[in-house]
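Below: one structure, written as structure tokens.
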Amino acid sequence: MANSVTDKPLRKISEAFKELAVAVNSQTPDLEVGSFSHACSLVSPLFGCLGIAFKFAEMDYVAKVRDLSNASKSIGTLQGLLDKDLKENCVRKAGSHSRNLLRVKRGLDMVKVLFEQIIITEGESLKEAASKAYAEVFAPHHGWAIRKAVGAGMYALPTKAQLLNKLNENESSAKVEMEYYVAASAPVILYIDKLFLSKDLGIDW
């Protein structure tokens, strides 16, 4: 029996984020913690497909998405989540929902840049696309040791064909789903950034 997670993960991701984009583009933009964490959980297998270079990202991302999913049982919206942490004065504390949300958002951003780069990069190597995505999104927040480890891991990335095979897509179908995700994730990422900035919390921590 086919594993449902590896069935058509790209399609599941793009469809879930299209729904989130509709929510944030509506006249009363808001995101439910539950639907957001579910969409984010669909992205998790992608990090696993990229191999050792993104192992740290996969472990960190999965744990933080799980925290948001648990939080959704008692907190309705992302705005409510930030407000609760602000009230309890724990926004920047390690393990806070707000801090985890910011980290998860970074994971979504990294995948967005990775997809943008894969779409425009010729050839089979993912090294250039993955390196650019890492450098743009994660590297500014990582110390030397992690950056060095990721750099070494870039040589163990799968080829584009191997990645598409793991995702059960061909080049043209993958490109369509990647473009959908890039377009749908952009307003979602912007919404979260604006949420933090509107409360004077900043997004570079």
Side-chain angles (χ1 to χ4, degrees), residues 1-50 54 57-82 97-119 129-130 133 137-138 163-196 203:
M1 195 174 93
N3 182 337
S4 61
V5 176
T6 54
D7 218 0
K8 284 283 183 185
L10 272 188
R11 191 171 305 170
K12 287 180 183 174
I13 292 166
S14 66
E15 284 171 2
F17 275 84
K18 280 184 210 169
E19 288 178 24
L20 295 184
V22 169
V24 298
N25 286 327
S26 66
Q27 285 186 313
T28 52
D30 211 346
L31 274 186
E32 289 180 358
V33 182
S35 54
F36 175 75
S37 60
H38 172 68
C40 293
S41 72
L42 298 174
V43 178
S44 301
L46 264 181
F47 289 108
C49 291
L50 292 170
F54 288 93
E58 181 189 13
M59 290 161 66
D60 192 58
Y61 179 87
V62 169
K64 286 170 173 52
V65 170
R66 193 180 300 124
D67 171 70
L68 295 179
S69 180
N70 289 334
S72 73
K73 292 165 190 166
S74 59
I75 305 169
T77 66
L78 295 188
Q79 178 142 359
L81 183 138
L82 278 187
H97 299 320
S98 300
R99 187 183 173 93
N100 289 345
L101 173 59
L102 195 57
R103 300 299 187 277
V104 167
K105 188 264 314 187
R106 245 169 239 156
L108 301 179
D109 206 1
M110 203 284 305
V111 172
K112 174 177 166 285
V113 179
L114 177 69
F115 283 180
E116 287 169 342
Q117 293 300 321
I118 288 175
I119 290 165
V137 180
F138 283 143
L163 177 65
L164 296 184
N165 189 39
K166 285 180 184 177
L167 297 172
N168 289 332
E169 302 284 352
N170 59 43
E171 194 146 350
S172 57
S173 68
K175 186 181 175 192
V176 169
E177 300 302 340
M178 286 180 183
E179 284 173 341
Y180 279 145
Y181 172 80
V182 167
S185 64
V188 175
I189 291 165
L190 184 64
Y191 172 80
I192 295 170
D193 282 346
K194 282 183 172 173
L195 205 53
F196 275 85
I203 51 174

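FYI, the numbering just counts along the sequence from 1.
Side-chain contact check for Val104 versus Phe36: some heavy-atom pair is nearer than 4.5 Å. Using a 4.5 Å heavy-atom cutoff, the side chains of Phe54 and Val111 are not in contact. The shortest side-chain heavy-atom distance between Ile118 and Leu163 falls under the 4.5 Å cut-off. Between Ser185 and Leu108, the closest side-chain pair of non-hydrogen atoms is not below 4.5 Å. The shortest distance between side-chain heavy atoms of Arg103 and Tyr61 does not fall below 4.5 Å. The closest side-chain heavy-atom distance from Cys40 to Leu68 is not below 4.5 Å. Here the side chains of Glu32 and Ser35 are in contact, with some heavy-atom distance below 4.5 Å.
In this structure, the side chain to side chain contact (heavy atoms under 4.5 Å, CB included) partners of Val113, at least two apart in sequence or on a different chain, are Asp109, Glu116, Gln117, Ala133, Glu136, Val137. Every residue two or more places apart in sequence or in another chain that forms a side chain to side chain contact (heavy atoms under 4.5 Å, CB included) with Ala39 is listed here: Ala16, Phe17, Leu20. Residues passing the side chain to side chain donor-acceptor pair (under 3.5 Å) test with Ser173, sequence neighbours excluded: Glu169, Asn170. Take Glu19 and apply the side chain to side chain contact (heavy atoms under 4.5 Å, CB included) test, not counting sequence neighbours, and it matches no residue. Residues satisfying the side chain to side chain contact (heavy atoms under 4.5 Å, CB included) test with Ala23, not counting sequence neighbours, are Leu31.
Nearest approach of His97 to Ile75, heavy atoms of both residues: CD2-CD1, 3.9 Å. Here the closest heavy-atom approach between residue Val33 and residue Leu78 is recorded as CG2-N, 3.8 Å. The two residues Ala174 and Leu164 come nearest to each other via the heavy atoms CB-CD2, 3.4 Å. Here the closest heavy-atom approach between residue Phe47 and residue Gly107 is recorded as CZ-O, 3.8 Å. Minimum interatomic distance between Ser98 and Leu82 (heavy atoms only, all atoms of both residues): OG-CD2, 3.1 Å. Closest non-hydrogen pair, Glu177 versus Ser14, comes out as OE1-OG, 2.5 Å.
Checked against Met178 for a side-chain contact (heavy atoms from CB on, under 4.5 Å), the options Leu114, Ile13, Ile119 give a single hit: Ile119.
Environment of NZ in Lys18: crowded, with over 12 heavy atoms of neighbouring residues, nucleotides or ligands closer than 6.0 Å. Other residues, nucleotides and ligands contribute over 12 non-hydrogen atoms within 6.0 Å of the CZ atom of Phe138.
With hydrogens and angles disregarded, no donor-acceptor distance shorter than 3.5 Å links the side chain of Asn168 to the backbone of Lys8.
A cation-pi contact, defined as under 6.0 Å to the ring centre and within 45° of the axis, is absent between Lys112 and Tyr181.
The SG atom of Cys49 sits 9.0 Å away from atom CD of Glu58, with the distance rounded to the nearest 0.5 Å. One finds the OG atom of Ser44 at 8.0 Å from the CG atom of Leu42 (value rounded to the nearest 0.5 Å). Atom OG of residue Ser41 and atom CZ of residue Arg66 lie 10.5 Å apart, to the nearest 0.5 angstrom. Taken from OG in Ser69 to CG in Asn100, the straight-line distance is 12.5 Å, to the nearest 0.5 Å.
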Tabulate below the donor-acceptor pairs under 3.5 Å that side-chain atoms of residues 188-196 make, not counting sequence neighbours, or state none.
from, atom 1, to, atom 2, distance (Å)
Tyr191, OH, Asp30, OD1, 3.2
Asp193, OD1, Lys105, NZ, 2.7

